[in-house]
Amino acid sequence: MKDLNRQPLLRLTLMLILGIVIGDTWGDGIPVWVWLCFSAITITIAIILGRRSSLLQGAGIMVATITIGITVITLENQKTTPVESLEELSYEAVLMSEPIVRGKTIRCDLTITKINGQALDHPIKVKAGIMRDTITNRWQRLHLGDGIKAQSMLDAPKAFYAKSNFDYVRWLRTHGFRSQTFIYYSDWQKAAVSLSSLSLFERTKLHALRLRQKLLSHYRMLGLDEQQYAVIAAMTLGEKSQLSRQLKDDYSVTGASHVLALSGLHLSIIYAVLTLLLGRSRRWRWLSQGAILLGIWMFVVLVGLPTSAIRSATMLSVYSVCLLLNRQKASINTLSFAAAVMLLANPLNLWDIGFQMSFMAVLAILLFYRTLYYLITLRNVVAGWLWGMTVVSLAAQIGTAPLVMYYFERFSSYFLITNFIVIPSATIILYGAVAMMLAMPFLALQQLIAKGLVAVATILNDTLATFARLPWASIEGIRISTMQLYLIYILVVSLTVLSAYLLKITSHTRFKTKSKYTNGVDV
């Protein structure tokens, strides 16, 4: 209980999560204004109770946090209600992603701004499939940010993973999609579409994604082949659409998929590069840290605001403030703050796989790293570094393995070995990508760096492909229910608490024994 009391933000975040779960299940049955009033009343009562009893005030704050969770999820559910039509609609839309060829169709994300000539107050995000015209190939002129006029029926999102724990409909709602549609090849045309109905955030994101496409086009000009380009684009700019199914499977089977998602590893490297470039002067540290954080958040927007990158950027922001104030840097409180901010911004993040995996990995590292690391005392620097990397991988695996089994029905057997290859390779690729961008004025130097990145990406892909084909590379067909998932985590928490208790007793016994002998000598 004392450990929990030292983590007040963890308690608040857990109550917020509880409120979100309750609100998602039963919140729609009560009007939002009732929940808003109840939240205001409980907060007021908590403030009043604080003058009489800290215990009563704490209970009031917990209840208020739960009602806030219920309120935000109820509001979000109302904004993301599915949209469907019984007949074809004529509409104007903006492409919010670069079209991807999938068989006889192209897939893209649309934001509908007008329906039947009527501007929408709240644009509708749609997952779209457009039939390809193989005669004129005019679809090849469609790109991110282009406007189209089209007509089709809008359908409510439907799940197509019937036997999987992955909820595709929930995933679509989490990412703001309210409908899906199929457009016949003759039922659309490019058009100039006004962006005025899009929010400032959406327009900013669209401009950032256009800039990312220009950078990706620059990658293409450097002569990278498809798979090398796909890995480098995913690791450096978060563009994963070009990854082949085979390449994704190789990374998944070997437990290396985490390097393809922009996360703490990637943003920490960017943070280190920016710190190196902007200096570590104590005199100007407030200004330099502000510039570094601005650069970090600009990068997060550039890569499309993925959940793992937002979590990492939030934690780095808190880390920077703690650094400036000379406070504790990485803690469960910091992680809890990042989670609370993201859940308040979009409570549907709670059901996002990236959100769950990202936070469980970091939480497990914070909980288990020090205990596991000090099980072995190593004086050699290289051995210490290798052991540290092993411990980080083990700790992260404790946190994420149950989720991987739940959603993907597999367990990667060689994750420890492959991480010794993947993490250094990813680090080299990220540093190389930054160097490549800085070398833009010097074409010969840039091409030389690009060749080095190609070599690293090729070795990485080939090595993981080899590991993926080894016997027992992964244990497949693991099926666990939601209740079994909860029970696994309850078991992990129970064993953790028990281990901490036993270590405390052992340390106390050793101290008493030492004191006894010391007193005996003194007498």
Side-chain angles (χ1 to χ4, degrees), residues 100 102 160-168 171 225-236 238-266 306-308 352-358 360-361 364-365 389-430 454-481 484-485 488:
I100 303 169
R102 290 288 184 268
F160 54 86
Y161 293 109
K163 297 182 179 179
S164 172
N165 287 318
F166 173 63
D167 189 340
Y168 180 66
W171 182 90
D225 76 16
E226 284 300 318
Q227 296 313 303
Q228 295 160 354
Y229 164 81
V231 169
I232 294 173
M235 286 188 186
T236 59
E239 173 53 62
K240 295 189 284 188
S241 63
Q242 300 303 314
L243 293 167
S244 68
R245 183 175 295 275
Q246 183 61 58
L247 194 63
K248 287 180 181 179
D249 284 343
D250 288 345
Y251 275 75
S252 178
V253 167
T254 56
S257 294
H258 60 92
V259 298
L260 298 176
L262 294 174
S263 59
L265 171 66
H266 305 74
T307 302
S308 55
D352 182 67
I353 297 176
F355 179 90
Q356 295 172 5
M357 297 277 284
S358 178
M360 289 308 299
I365 291 171
M389 186 179 292
T390 302
V391 169
V392 168
S393 298
L394 278 172
Q397 194 73 8
I398 292 172
T400 59
L403 288 172
V404 172
M405 291 188 291
Y406 180 73
Y407 287 117
F408 306 110
E409 302 176 5
R410 68 164 40 128
F411 177 83
S412 301
S413 306
Y414 302 136
F415 71 92
L416 272 179
I417 301 173
T418 55
N419 273 329
F420 282 105
I421 302 164
V422 167
I423 294 177
S425 299
T427 304
I428 293 170
I429 288 173
L430 285 164
V454 167
V456 175
T458 301
I459 293 170
L460 178 59
N461 291 346
D462 292 346
T463 304
L464 292 182
T466 301
F467 271 99
R469 285 152 186 75
L470 291 176
W472 299 100
S474 70
I475 302 170
E476 302 287 339
I478 302 173
R479 299 294 298 272
I480 61 174
S481 66
Q484 287 172 324
L485 176 68
I488 290 171

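We're numbering straight along the sequence, starting at 1.
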S.K.: So, does S257 use its side chain to make a donor-acceptor pair with the main chain of S252 at under 3.5 Å?
M.R.: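 Yes, S257 side chain to S252 backbone: donor-acceptor pair under 3.5 Å.
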S.K.: Which pairs count as side chain to side chain donor-acceptor pair (under 3.5 Å) when at least one residue sits in residues 398-407, sequence neighbours excluded?
M.R.: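 Output for this query lists Q356-Y407, Y406-T482.
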S.K.: For the pair F415 and F411, name the ring-plane relationship: parallel under 30°, tilted 30 to 60°, perpendicular over 60°.
M.R.: perpendicular
S.K.: Working to the nearest 0.5 angstrom, can you tell me the gap between E239 CD and Y229 OH?
M.R.: 6.0 Å
S.K.: What's the separation between atom CG in N419 and atom OG1 in T390, rounded to the nearest 0.5 Å?
M.R.: 9.0 Å
S.K.: Please report the shortest heavy-atom distance between S412 and G255, naming the atom on each side.
M.R.: OG-N, 3.3 Å
S.K.: At their closest point, which heavy atom of M235 faces which heavy atom of L460, and how far apart are they?
M.R.: CE-CD2, 3.5 Å
S.K.: Any chance you could measure I353, atom CD1, to F355, atom CZ, to the nearest 0.5 Å?
M.R.: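 It comes to 13.5 Å.
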S.K.: Measure across V404 and R410 and return the closest heavy-atom pair with its distance rounded to 0.1 Å.
M.R.: CG1-O, 3.3 Å
S.K.: Counting distance only, does the side-chain N/O of T236 pair as donor-acceptor with the main-chain N or O of I232 below 3.5 Å?
M.R.: yes
S.K.: Does the side chain of D250 reach to within under 4.5 Å of the side chain of N461, using non-hydrogen atoms?
M.R.: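 The answer is no; the side chains never approach within 4.5 Å.
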S.K.: Can you find a heavy atom in the side chain of E476 that is under 4.5 Å from one in the side chain of E409?
M.R.: no
S.K.: For S413 versus W472, what's the shortest heavy-atom pair and its separation?
M.R.: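 Heavy-atom minimum between the residues: OG-O, 2.9 Å.
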S.K.: Which pair of non-hydrogen atoms, one from A234 and one from L243, has the smallest distance, and what is that distance?
M.R.: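 Heavy-atom minimum between the residues: CB-CD1, 4.2 Å.
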S.K.: Among I428, I421, T427, which one satisfies side-chain contact (heavy atoms from CB on, under 4.5 Å) with S425?
M.R.: I421
S.K.: Look up atom CD1 in I365 and atom CD1 in I398, then write down how far apart they are to the nearest 0.5 Å.
M.R.: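 Interatomic distance, I365 CD1 to I398 CD1, rounded to 0.5 Å: 10.5 Å.
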S.K.: For G399 and M360, which heavy atoms make the closest approach, and how far apart are they?
M.R.: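 Smallest heavy-atom distance, with atoms named: O-CB, 3.5 Å.
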S.K.: Working to the nearest 0.5 Å, report the span between CG of L416 and CD of Q397.
M.R.: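 If I round to the nearest 0.5 Å, the distance is 7.5 Å.
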S.K.: Taking T418 for its side chain and T254 for its backbone only, find out whether a donor-acceptor pair lies under 3.5 Å.
M.R.: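 Looks like yes, one N/O pair under 3.5 Å.
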